[in-house]
Amino acid sequence: MSDFIILMKSELVVTTIIFLLLFVKIGKGMRNEKLLPLIQVLLLINVLFSFVFNKEGSLFDGMFSTTSLIAFQKSILSLAVYLISLLCSVWLKRSEHLPEFFMLMLSALLGMFFMISSGNLLIFYLSLELSTIPVAAMANFDLQKRASSEGAMKMILSSAFSSGILLFGISLIYGTTGTILFSEIPGQLDGSPIQILAFVFLFTAFAFKLSVVPFHLWTADVYEGAPIATTSFLSVVSKGAVAFIFITALYKVFQPLEETWYLMLVILSIATMVIGNLFALRQKNIKRFLAFSSIAQVGFILVGISAGNEIGISSVVFFILVYVFSNLAAFGVADVISAASGKESIDDYKGLYKTNPFLSWIMTLALFSLAGIPPTAGFFGKLFLISAGAAKANYIYIIIVALNMIVSLYYYLIVVRAIFIDKNEQPIDKIAISKTVKLALIICGAGIILLGLLSWIYEHIQSLTV
Amino acid sequence: MNLLLIILAPLLTALAVLVCRNKEQVKWTALAGSLAQLILAFLLYFAFRHEKESGEPAQMLFQQDYALFKNPNIHFHIGVDGISVAMILLTAFVVIAGVLVSWNIEKMTKEFYFLLILLALGAYGFFISLDLFVLFFFLEISVIPKYLLIGVWGSGKKEYSANKLALMLMGGSALILVGILGLYFSSGGSFNILQLANTNIPGSTQNYIFPLLFAGFGVFTALFPLHTWVPDGHSSAPTAGSMFLAGISMKLGGYGCLRVAAYLLPEGMKEYANIIIVLSAIAILYGAFATMMQKDLKYINAYSSISHVGFSILGIAMLTQTAVTGAVMQMISHGLMTALFFAVIGMIYDRTHTRMVAEMGGLMRMLPFISTVFFIVGLCSLGLPGLSGFVAEMTVFMGSWENTGAFYKIATIAAAMSIVVTAVYILRAIGQTVMGPVKKESFLSLPDAKWNEKLAAIILLAGILAIGVAPGWLNDLLRPETEQFMHKILGVK
């Protein structure tokens, strides 16, 4: 019993918060001004709690397991959710259905917790669904906007499609190996065509969730239509969680098929980077722009995953930690501007520095971190990913990756240029930023600068992966 | 001497600039900071000489080593040899002059000085790092300040130039990154320059890592045909930006070619030396002839920079001790000279509001100080004895001539011919601007240099004269290092 509580404590905390919110909702209800700070405090407790009382072990015959690495991954996800609740507080306060929004978001988070802890394909499938369906509802939260409903619809259809493929893959795996336990599958894999086919199906499902090219088509529309709180959740938390379990699946479960998936990763990561970058070049809307840039970032994550060793794991975990701060900072600024002025086009950002220097600097830091320019943490993140990928001495691949960094710098500079250099007759007015949002932006900015320079953080992650 | 001071000084200056309240505070903080950097650079020079004279055998002095990451194996490892000391002195001279000539910047003063000092920080860090990763980190730090300096404070087609510069330099960095990762993995996991120098990397491996590194640093130092960012970048940048770009940033590339590409990959260097000689000879001649066609003073100096920097690449590729010494001297000399050139052009432009040679004339009457400096720096550029340009170029030629073989002789002669062309364009440009009749009425009332401009010019002139009149000290500083360098390159057969 005590093992149950300790090992599942992250899940239990999140479940408790969900029930608290449910009671608030069916009870008398609270005004948003009071409720939101309460939720933020609860989420902060969730973050802090995730760092303590961590124990390794497994439950239910290995269906659920946790290690210190998994606990750290859960901390990253909790932290991201907490930051989102701070960053988007202006929009959230206006929302008519605040408790529901958080209930959905936390349910999805709960699903992700179970997903990265899962030890067999059944739990994995169930938790993947739990982490996807609430997000589709969240995407629909701008109730007046048609684009929001359209995005939600696209998301639900594409995720249903990918679930179908996933289930087909799982059934083939079960059929050929006779087991769904992660620990038993590797011994039964012999590389027969039907197993390769099953593996390709599973891989495809992951690719859908990570929006790897050519399975990325839903991403831009959903990101653009959904409210920014949802978009940032999708692009940071969902991606992060799926990347974590993807590593476990490849490294532990499908380890015998390493040659197959290395080749797939190389091809798909190049395609993802190139397509993501080329489409990002043409975007006019900041949300679509960030959507395509995050597709390109996934390409980089795949480079790290292709390493196939502990360095690969630690570099990906570190990159996602950095990515949380950088991407949330970018989305946070976009949300502040969109909430205050309703403007979401890159052209509207022209001359922003004149009126809003603070927002401009945070945005610039975030974009440079995404582009991988020192001294931001993104530089270290990208470098570790690339050096992990380079360990296989596939230099042509590494050169292509490095060249993609140039293309990505080009489009990040488009936004920087709009902010600092381009002139605008009617720049966005000076925006009064609330204290919570400012705090969150400062946290993100500090994270972007310090995460790389404080080398013990990466060392700590490495010590977890051994 | 604690080397950390060399990077702490600019870092603290940059932070102090950020908390300043008004423009005056910003300017004086930046000036005080750059003065401190200059003093530190001198202290470093004297401490270095003292150590060397007392018979310190180590190749790199004042080393400090802090482990940053275990895997990949990254250390914050710093140390200096004679070449780095010379480069740090150059940087300190250019920084203080750059701060002084930007005294009247009105637009976003705080941001301007912050970025300027950040750029300097990148350069200082680059010159003292002994770990390839740290070196790369500092190299990259300086890319974004350049972009913003040109984009925000520049003139002309500044957006285009800023973009082109940032992307080309980033492209260079990408090649360097792949190159240093190649070094890292083929040496069994080390970024340490001293360790890598003692590791035997197979010749075939060197042959494919070397071009990546040399081309990567070549972008920074405007190696033909990777020079195309130079004319646009330099001409669009604000005065101090051009000074930093040509005076410091291009030297990062030259230093990298020498310290990283050539020093760590001697087999590769020997393999590709002839190609590099041809390319640098082309750069020297092409730069000189292209300058002849220019009508804008900044373009004149930008193209002539391509030609002058070609000499330092030529010197490195000639692979004799004298030539390599000359190459480093040329980097220092050209850094000082071109910074002063851009400073003077900026001063003239501030007054006449034109940079077109044809629109100016007779400036000597109104601007005696500026015109005199312009004249001196022009003479330095065309290699008049007594000034630094002569010393450096002469050393390169002498070193190149030591090579027997018709190929080397022809390349040397071709490069030497460019001096005639240089004389033509320099004398023509100076003659038309400084002498002759005054072209516009409004020019008659132009004021001469102010105190800050005079000070900036005098500081840089002092550097030029110190090398030109008494090159011994620089030679003593560089010789032992280049000797060691040649020993390493030619020793491995």
Side-chain angles (χ1 to χ4, degrees), chain A residues 309-311 314-315 318 353-354 357 360-361 364 367-368 371-376 379-380 382-384 386-393 395-410 412-414 416-417 419-422 452-459 462-463 465-466, chain B residues 11 18 66-76 108 110-111 118 121-122 125 133-134 136-144 147-148 150-154 158-159 162-164 166-182 184-186 189 191 205 208-209 212 216:
Chain A
N309 53 21
E310 287 93 22
I311 318 277
S314 54
S315 66
F318 180 73
Y353 186 70
K354 289 258 161 55
S360 305
W361 279 120
T364 310
L367 293 176
F368 283 155
I373 305 283
T376 60
F379 169 76
F380 292 91
K382 283 234 166 105
L383 213 105
F384 293 148
I386 292 177
S387 58
K392 295 221 167 164
Y395 287 111
I396 308 278
Y397 179 38
I398 298 307
I399 289 177
I400 295 174
V401 175
L403 291 179
N404 265 291
M405 283 178 74
I406 310 171
V407 184
S408 70
L409 178 69
Y410 177 75
Y412 290 121
L413 282 180
I414 292 178
V416 174
R417 178 175 137 185
I419 292 176
F420 282 94
I421 299 174
D422 289 341
L453 297 176
L454 300 176
S455 58
W456 56 265
I457 296 174
Y458 185 63
E459 292 287 298
Q462 273 193 332
S463 71
T465 58
V466 177
Chain B
L11 184 64
L18 275 190
Y66 307 94
L68 278 186
F69 300 100
K70 280 195 205 68
N71 197 341
N73 184 8
I74 297 168
H75 288 246
F76 185 75
M108 298 198 264
K110 182 188 280 192
E111 288 82 353
L118 200 63
L121 170 70
F133 182 91
V134 180
F136 183 68
F137 176 84
F138 282 116
L139 181 71
E140 287 265 274
I141 278 194
S142 53
V143 173
I144 292 307
Y147 175 81
L148 287 176
I150 296 178
V152 180
W153 290 273
K158 55 184 183 173
E159 290 90 357
N163 250 338
K164 188 169 175 182
L167 293 175
M168 284 195 70
L169 295 190
M170 191 69 186
S173 308
L175 295 179
I176 295 170
L177 174 64
V178 180
I180 64 177
L181 286 175
Y184 180 79
F185 287 108
S186 56
F191 280 126
T205 317
Y208 72 81
I209 300 180
L212 293 171

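Note that the coordinates shown come from a computational prediction; the quantities given were computed from them, not determined experimentally. Just so we're on the same page: letters track the sequence lines, and every chain starts at 1.
Heavy atoms closer than 4.5 Å to chain B are found nowhere in A:A388, neither backbone nor side chain. Interface residue A:F420: backbone and side-chain heavy atoms are both found under 4.5 Å from chain B. The parts of B:A166 that come within reach of chain A are both its backbone and its side chain, each placing non-hydrogen atoms under 4.5 angstrom from that chain. The contact between B:I144 and chain A is made entirely by side chain atoms (from C-beta outward), counting heavy-atom distances below 4.5 Å. With a threshold of 4.5 angstrom between heavy atoms, B:F138 does not approach chain A through any atom at all. Heavy-atom distances place no part of B:L139 under 4.5 Å from chain A, backbone and side chain included. For B:I74, the part sitting under 4.5 Å from any heavy atom of chain A is the side chain, from C-beta outward, and nothing else. Only the side chain of A:L383 comes within contact range of chain B, judged by heavy atoms closer than 4.5 Å. Heavy atoms of B:L177 lying under 4.5 Å from chain A belong exclusively to its side chain. Only the side chain of B:M108 comes within less than 4.5 Å of a heavy atom of chain A; its backbone N, CA, C and O stay farther away. Only the side chain of A:I311 comes within contact range of chain B, with heavy atoms under 4.5 Å apart. Within the 4.5 angstrom heavy-atom criterion, only side-chain atoms of B:Y208, from C-beta onward, approach chain A.
The aromatic rings of A:Y353 and A:W361 stand perpendicular to each other, their planes meeting at an angle above 60°, with 30° marking the opposite boundary.
Among residues two or more places apart in sequence or in another chain, the salt bridge (charged side-chain N to carboxylate O under 4.0 Å, His left out) test is passed with B:K164 by B:D232. For A:E459, the salt bridge (charged side-chain N to carboxylate O under 4.0 Å, His left out) test picks out B:K70, with sequence neighbours left out.
No side-chain donor from either of A:T465 and A:E310 sits under 3.5 Å from a side-chain acceptor of the other.
For the pair B:G179 and B:I209, the tightest heavy-atom approach, listed with the atom from each and the gap, is O-CG2, 3.4 Å. B:E140 and A:P374 get closest at one heavy-atom pair: CB-CG, 3.0 Å. Of all heavy-atom pairs spanning B:L148 and B:W153, the tightest one is O-CE3, 3.6 Å.
Taking the centre of each ring, A:F379 and A:F368 stay at or above the 6.0 Å mark. Ring centroids of A:F384 and A:Y458 are separated by less than 6.0 Å, placing the two rings close together.
Note on B:F76, B:F133, B:Y184: by heavy-atom pairs under 4.5 Å with chain A, the leading option is B:F133. The candidate with the highest count of non-hydrogen atom pairs below 4.5 Å against chain A, out of B:V152, B:L167, B:V143, is B:L167.
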